[in-house]
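Residue numbers run from 1 in the order of the sequence given.
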Amino acid sequence: MTDQAQVHGWILEGRVVDGTGAEPIEDGAVAILDERITWVGRSAEIPADLAALPLRRFAEPGRTILPGLVDAHTHISFCEATSEEENALYTPVEYRSILSAWSAKKMLRAGVTSASDAASTYNIAVAVRDAVEAGIVEGPRFSAAGPQLTTHQGLEDAFPSWVEFPRGQAGVLVRNRDEILEAIRLQVKNRVDVIKVSGSMDSAVSDDPMGGMAFRQEEFDLIADETHRLGKKCTVHARTAASVLACARAGFDWLMHGSYMDDAGLDAVLERNIPIVPVLTLLVNILEAGEGDVGASGLDVFKREVDAAAENLSRAFRQGVTLICGSETGWSLVPFGEWHAKEMQIFVDYLGFTPVQAIHAATGAAAVTLPRWADEIGTLEAGRRADVIVLDGDPIRDIQLLQRKSRFDLVIKDGVAVDLQSPIPERRRYSFEKNKIYLPGRYLFDEGTGHGVVVP
């Protein structure tokens, strides 16, 4: 018999959205014992043996119970940098590591109980992952990539050719077959969960037309084969049609972006049942911030990509491709703890998802991006980790409610309620973290006024 004095857990009652894509259970309940979910069903059918246990109960009217969010694209080590230069050149690794651990708490309070880190500076993501699992840092459980593999045509080779590839860049430059194999093997030695590849360029660092790919087909094949031989998963930054097709053919485990995917790429993705993480939150935030030029490109470039992604990815979804929510949190446009749930709203507004489908994309479907935990997270089912959000309101009627942290009654990770009340004060931002800009433009003499004027 169970020793009731040793029982720890919850009975949560309300509308249950279980993360599987099934319709909600109205008047539902979730029972938790220790760190696991032990029962899910209708509130009127709670088993008598569970009801008799001295569990904490939460049963406020109008509440929705759903899984903790799984953010499939984050960068815990990017420190909310405003540019590639700032990310690669500023903030020493020692301070960056401490700051990254501090940022993880913000993610957890936003309902993110699991996250996939999709490229790290140094090996910080692995360190934060391990610190969370060791119980010395509060945050989501992570899967961790190292610096992403890139060529001169990939996203992460963002600096002029006369500048030495920075040690702090979130990438490793590989120039031939041997360097590809060495980079993969070294990262596996350093205990990454995922090998990340920069398979195409990005409008944030180049104003060239978005086409082509950073590696040859046989090189993508080599990366996927060696990664899988070593028992790891591989993913890829692939915005272009060519990179999507090549990486799907190579057998990458999931693709990032896919904005310009064509019919051939779609067929290859469908044939191999490869999920795609669109990561549209960053692009939409760029447009909404409306700051003119962003990175190397103007707003019109990002508008074209959002339009292309809406067309191509909604078609992919209708044909059966699994789409997964990821936020790109870590940049200044996507600060920690702020935008993790916005991708669900974007899936509804741009890609034709229902709210139930969007929640599945941010929970059950996204679990695949944490390979070690995939069978234990993402859904409210008996035996899964007890990662739960209790929300005041109905996200099926208003998906944006999940962006309103003030509406969270509870965030539970591994059966333990997260402290949502203690304030996290704004931190100081040091000069060693920031780009050094003398003036945001040129200071020209105006003959009409006799004074100087700043011209961007």
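- Of the possible polar contacts, none joining the T379 side chain to the D18 backbone as a donor-acceptor pair under 3.5 Å is found.
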* Please walk me through it: do S259 and E305 pass side chain to side chain donor-acceptor pair (under 3.5 Å)? -> CA-CA 6 Å; S259 304; E305 181 166 354; 2.7 Å; yes
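- Figure legend: R141 and W373 shown as a cation-pi pair, the cationic atom lying under 6.0 angstrom from the six-membered ring centre and within 45 degrees of its axis.
- The side-chain hydrogen bond (donor to acceptor under 3.5 Å, both in side chains) test with D193 singles out one residue from K233, R129, K232, and that residue is R129.
- A salt bridge links D419 with R109: at least one charged nitrogen is closer than 4.0 Å to a carboxylate oxygen.
- In this pair, F353 and F317 present their aromatic rings parallel. The plane angle is below 30°, not in the 30 to 60° band.
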* Would you check, one step at a time, whether the test side chain to side chain donor-acceptor pair (under 3.5 Å) holds for R96 with N87? => CA-CA 10 Å; R96 181 182 289 262; N87 197 42; 3.2 Å; yes
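- One finds the CD1 atom of I46 at 5.5 Å from the CH2 atom of W39 (value rounded to the nearest 0.5 Å).
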* **Stepwise side chain to side chain donor-acceptor pair (under 3.5 Å) check, T281 with E343** => CA-CA 6 Å; T281 297; E343 193 86 352; 2.5 Å; yes
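- Taking a 6.0 Å sphere around CZ of R315, one finds it holds more than 12 heavy atoms contributed by other residues, nucleotides or ligands.
- Nearest approach of L313 to L323, heavy atoms of both residues: O-CD1, 3.6 Å.
- In this structure, the ring of H257 has its center less than 6.0 angstrom from the ring center of H73.
- Shown here is R429, whose CZ atom has more than 12 heavy atoms of other residues, nucleotides or ligands within 6.0 Å.
- R372 and E133 are joined by a salt bridge, as a carboxylate oxygen and a charged side-chain nitrogen come within less than 4.0 angstrom of each other.
- Salt bridge annotation for R57-E13: present, with a cationic side-chain nitrogen under 4.0 angstrom from a carboxylate oxygen.
- More than 12 non-hydrogen atoms from other residues, nucleotides or ligands lie less than 6.0 angstrom from CZ of R272.
- Under the 3.5 Å distance criterion, with hydrogens and angles disregarded, a donor-acceptor pair is assigned to the side chains of S327 and D71.
- Taking 4.5 Å as the limit, some side-chain heavy atom of S114 sits within range of a side-chain heavy atom of L370.
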